[in-house]
Amino acid sequence: MEFLYFLAKTGFYATALVTLGSAVLVVTLRNLFHCALALILCLLGVAATYLYLKAEFLAMIQILLYIGAIMTLLIFAIMLTNRLADQSVSQTNRQSLPAFALLAVFNVFCIASLTAVPWKINPASLTAPIDAKILGAHLMGTYVFPFEIISVVLIIALVGAVILGRTDQ
Amino acid sequence: MTEFLDQIFIIAKNGALNFLGVFLPDWMILLARILISVVTLVAIAPVVMMYMTWLERKVLGRIQNRYGPNRVGIFGLLQPIADGIKMLTKEDLVPKNADKVIHFIAPMVIVIAPLLVLAVLPFGRNLIAADLNVGLLFFLGVSTFGVIALFMGSWSSKNKYSLLGGMRAFAQMISYEIPMLLSVVPVILTTSSLSTVAIVEAQLQGKWFIFTPWGGFASLVFFLCGVAEVNRTPFDLPEAESEIVAGFHTEYSGMKFALFYMAEFISTFAISGLAVTLFLGGWDGPGILPSWFWFGLKTLILILIMIWFRGTLPRFRVDQLMGFAWKVFLPFTLGNIFIAALWVSLPFPGNFIADTIGITVILTLLQVFNRKEMPKKRKYLCAN
Amino acid sequence: MFGWGIFKGMLVTLWNFLLTYFYPKKGIFTVQYPEKKIPVAQRYRNFPFLVYDGTPHMIRCVACKICEAECPPKCIYIVPEKDPEGKVLKKPAVFDIDYAICMNCGICEEVCPFDSIYMDHEYELSKYQRTEDLMAHKEELLKPWEHFAKIRPLDFERIEAKRAAKNAKAKPAAPAESSAQKPGPGLIPPRQGQEK
Amino acid sequence: MNPIPLNHFVIFSLFLFSIGLYGALTRRNVIGILMGIELMLNAANINLIAFSRYVSQSPETGQIFAIFVIVLAACAAAIGLAIVLAMYQNRKTVRAEDIHILKW
């Protein structure tokens with residue numbers, strides 16, 4: 001059985017590579033629609049990492065909400081504004097080099113500090129099963145106030161989006 | 001005997017695995033166990049699709065007082081194979097300034113979505129490929145995949161008609177996905193579990209959800225949203241030949257077009273299978289016949305109803321199509337969740353009365369608010 | 001009620017569906033073409049054919065070329081036979097009808113004084129070449145008089161009666177005047193009557 | 001069976017976050033910037049769930065926060081795209097550089 005766990009771990013690194021690869025594609029591709037599809041692949045990779053973290057409910061919510069709702073919105077926006085986005089001109093503005101250098105420094109600094117910290121792993125919570133029922137209980141239990149505020153924020157955001165996007169007849 | 005027949009596939013699979021176990025390491029056996037169910041599903045789905053096209057052409061023929069295909073094979077049984085060969089030999093056109101990469105990938109991605117859904121369907125007693133405890137959510141998540149793949153197809157072929165068709169299909173599938181999602185919530189509410197196997201177990205011994213007051217209407221809404229999700233008549237505007245050439249798969253020919261076709265039929269099978277699991281008690285049926293037979297029979301009946309729709313109903317106009325989803329289905333399913341909550345919380349006599357009152361209130365409210373759109377009673381002058 | 005119209009519509013299709021299985025005579029009317037064929041009406045006319053009595057040499061046509069002159073699209077081509085001395089005989093050596101041009105109007109049948117050309121009921125005439133194969137030569141056109149009796153029995157009786165009367169009159173060498181048309185049993189045969 | 005060390009998840013989400021940030025900083029098209037932001041939000045989500053699974057006493061808190069983050073990402077995307085559409089209709093441009101004066 002040892003080989004299977006080895007397979008599972010390599011599986012994680014493979015998904016991580018695929019996700020990072022498609023994330024790089026999102027940032028560098030010229031054609032915006034290809035970027036959106038690369039982003040979808042990246043989101044799928046993130047959903048797969050949730051599965052590795054034994055958060056199935058989150059993985060399904062991610063696929064349903066992120067890819068189903070947000071990406072659909074994004075693709076609609078890309079299509080509506082596609083006539084102006086000419087691909088001939090370079091897609092990145094002048095700050096690309098300094099930004100890249102800064103980020104490289106930031107990464108090196110973060111990795112150095114993060115790997116040095118001895119995380120206190122709590123083995124009990126590693127295998128604790130979390131399914132929709134427990135999440136639901138907590139959402140309705142201890143986190144009911146943020147839950148209500150979120151729904152209010154959602155309503156306001158959607159109404160605002162409709163007013164903003166509406167072409168005044 | 002019936003127990004043996006009922007579990008015949010499981011016994012066959014275990015037999016094969018024990019046989020393999022002799023000379024394979026045990027972790028390989030675990031992989032083989034998964035592989036067998038995956039391979040059978042991926043092999044069965046196209047065969048089911050082929051013979052659904054045959055069934056559809058025969059039944060549609062009979063509805064229109066003519067024979068269906070009966071030349072190839074005894075009752076036209078080899079017709080799907082003939083269609084397959086025809087599709088394989090047809091030339092595969094790619095438009096000049098189409099987006100080559102996406103145009104090539106789209107048919108592949110659109111077939112993946114319905115195939116993934118089959119993994120979650122409980123075909124018989126412990127005859128399910130992947131018993132996830134988020135099975136239902138998996139189905140709804142994956143069905144959004146078909147929407148994205150459909151848009152990839154229509155956008156990449158850079159053709160006005162396919163873009164228009166793609167836009168309409170996109171809008172239709174999104175606006176019918178929400179009522180579908182909400183019509184499933186009452187089922188989750190009563191069985192308090194997302195796994196499809198638990199849902200079927202909650203409906204054993206004939207206590208199907210379709211007989212409960214909220215279940216009957218929720219199954220109707222789910223089934224109609226399923227028909228819309230699959231782009232079949234009367235919601236087949238996006239690929240209607242009369243409106244916009246052929247909608248999103250205008251620029252596809254040969255095997256790629258066959259893949260779009262296959263995706264539609266496999267998702268028809270998957271959605272009727274799911275409707276059976278959610279509302280018609282999955283594999284629940286009198287013990288004499290095996291459990292997977294009952295699942296097959298009920299799914300076949302639902303598929304026949306969808307074909308029956310195709311033989312009778314005219315097509316919706318675009319605005320009626322959208323209006324129907326947002327003005328009739330959505331408010332009804334929202335109210336239905338409340339009624340299902342009443343059904344679960346109240347004791348036996350109370351919940352029937354409460355539910356019937358609730359449903360009549362909702363239906364009258366719907367009729368009142370949709371008064372404008374409802375077609376007036378036409379008075380034909382030469383009627384008498 | 002909201003869905004009543006849809007419900008009635010569905011019942012109609014269900015009724016038709018069941019009809020084709022349990023009461024096929026009323027329901028399904030498809031004729032499986034190659035195995036069974038729909039019988040053609042007597043007055044149906046397709047491309048003409050030449051008649052011969054007994055053996056193909058006894059061809060009735062005397063190459064008088066009236067039909068060639070009368071044919072509107074000019075698709076008939078006749079060359080009379082010549083005996084060794086060069087005298088024109090009363091038989092056609094070459095009698096071609098171009099099926100591609102013929103519009104099967106039936107005028108040649110009406111003008112032919114010797115009852116030698118009639119419209120046929122043969123409709124399975126698909127060929128490979130438009131020019132060579134559709135040019136029907138004399139050999140392909142020749143069909144026995146019994147064939148005509150089989151496909152158009154009523155007309156057969158009427159013409160036989162007319163020919164018999166003409167022969168009887170010709171024998172006593174009385175001057176031939178056109179005998180009154182014997183009123184046949186109604187020129188348009190009722191549809192059921194043709195299956196004798 | 002030792003699980004995947006926590007550091008690997010943290011480094012993975014760090015890379016994802018920096019790619020997203022790079023995208024948001026350098027992308028010329030506004031929708032490209034929005035995509036960068038989506039990437040950064042996802043990276044944050046991974047961290048939330050990884051830490052709640054490995055370190056915290058009650059593992060479900062991370063997942064609940066992740067749900068809230070997804071919902072808020074949806075609101076942000078909706079508003080962002082509405083702004084993009086309004087910008088596209090009024091100023092006929094999708095490039096971020098053209099919107100550099102605060103008044104209309």
Side-chain angles (χ1 to χ4, degrees), chain B residues 55-71 74-76 216-217 220-221 223-224 227 233-235 301 304-316 320 323-324 327-329 332 359-360 362-371 373-378 380, chain C residues 1-47 99 104 120-130 133-134 151 189-195:
Chain B
L55 182 73
E56 171 158 22
R57 287 174 65 174
K58 286 295 265 189
V59 169
L60 273 185
R62 286 289 172 161
I63 285 181
Q64 294 155 1
N65 277 342
R66 58 181 169 79
Y67 299 107
N70 57 5
R71 288 290 157 192
I74 314 131
F75 290 107
F217 288 94
L220 191 69
V221 168
F223 185 65
L224 288 179
V227 172
T233 312
F235 305 97
I301 290 168
L304 284 177
I305 292 175
M306 278 197 189
I307 297 172
W308 186 13
F309 277 166
R310 177 151 186 212
T312 347
L313 299 178
R315 198 169 285 131
F316 269 111
Q320 286 168 342
F324 193 55
K327 295 194 183 110
V328 176
F329 276 170
F332 177 77
I359 286 188
T360 37
I362 290 181
L363 287 182
T364 39
L365 275 178
L366 278 180
Q367 292 240 338
V368 161
F369 283 119
N370 290 332
R371 175 69 50 204
E373 278 85 24
M374 296 268 254
K376 262 33 109 230
K377 182 87 185 67
R378 276 187 223 137
Y380 295 101
Chain C
M1 216 263 291
F2 181 60
W4 188 243
I6 296 173
F7 184 69
K8 275 192 285 183
M10 302 283 278
L11 282 187
V12 166
T13 33
L14 184 68
W15 170 251
N16 280 325
F17 178 76
L18 299 176
L19 217 56
T20 54
Y21 283 109
F22 302 117
Y23 192 39
K25 266 182 301 305
K26 201 156 163 314
I28 227 161
F29 47 79
T30 340
V31 171
Q32 302 289 354
Y33 170 64
E35 288 84 14
K36 293 196 289 295
K37 293 201 180 72
I38 301 176
V40 166
Q42 276 216 23
R43 272 300 162 78
Y44 169 73
R45 58 169 189 264
N46 203 349
F47 298 112
Y99 276 1
N104 44 50
D120 197 352
H121 281 185
E122 181 60 42
Y123 51 82
E124 282 146 343
L125 290 164
S126 48
K127 296 279 195 302
Y128 285 101
Q129 286 296 335
R130 197 153 46 89
D133 296 356
L134 278 178
I151 55 174
R191 232 176 110 76
Q192 298 77 3
Q194 74 210 0
E195 281 314 317

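Chain A is the first sequence line, chain B the second, and so forth, proteins listed ahead of strands; every chain is numbered from 1. Worth saying up front: this structure is predicted, and the values here are computed from it rather than measured.
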CD1 on B:Ile63 to CE on C:Met10, rounded to 0.5 Å: 8.5 Å
Rounded to the nearest 0.5 Å, what's the gap from OG1 on C:Thr13 to CZ on B:Phe309? Could you check?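 Atom-to-atom, C:Thr13:OG1 and B:Phe309:CZ are 10.0 Å apart.
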Structural part of B:Leu313 lying under 4.5 Å from a heavy atom of chain C: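 Only the side chain of B:Leu313 comes within 4.5 Å of chain C.
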Please classify the contact between B:Asn370 and chain C as side chain, backbone, both or neither, with a heavy-atom cut-off of under 4.5 Å. neither
Is the count of non-hydrogen atoms from other residues, nucleotides or ligands lying under 6.0 Å from [X] atom [atom1] greater than 12?
X: C:Tyr128; atom1: OH; value: no
X: C:Tyr44; atom1: OH; value: yes
X: B:Phe75; atom1: CZ; value: no

Listed by residue number, which members of residues 15-24 of chain C have a heavy atom under 4.5 Å from any heavy atom of chain B?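 Residues C:Asn16, C:Phe17, C:Thr20, C:Tyr21 are the ones that qualify, each having a heavy atom under 4.5 Å from chain B.
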Here the pair of heavy atoms bringing C:Gln32 nearest to B:Asn70 is NE2-ND2, 3.2 Å
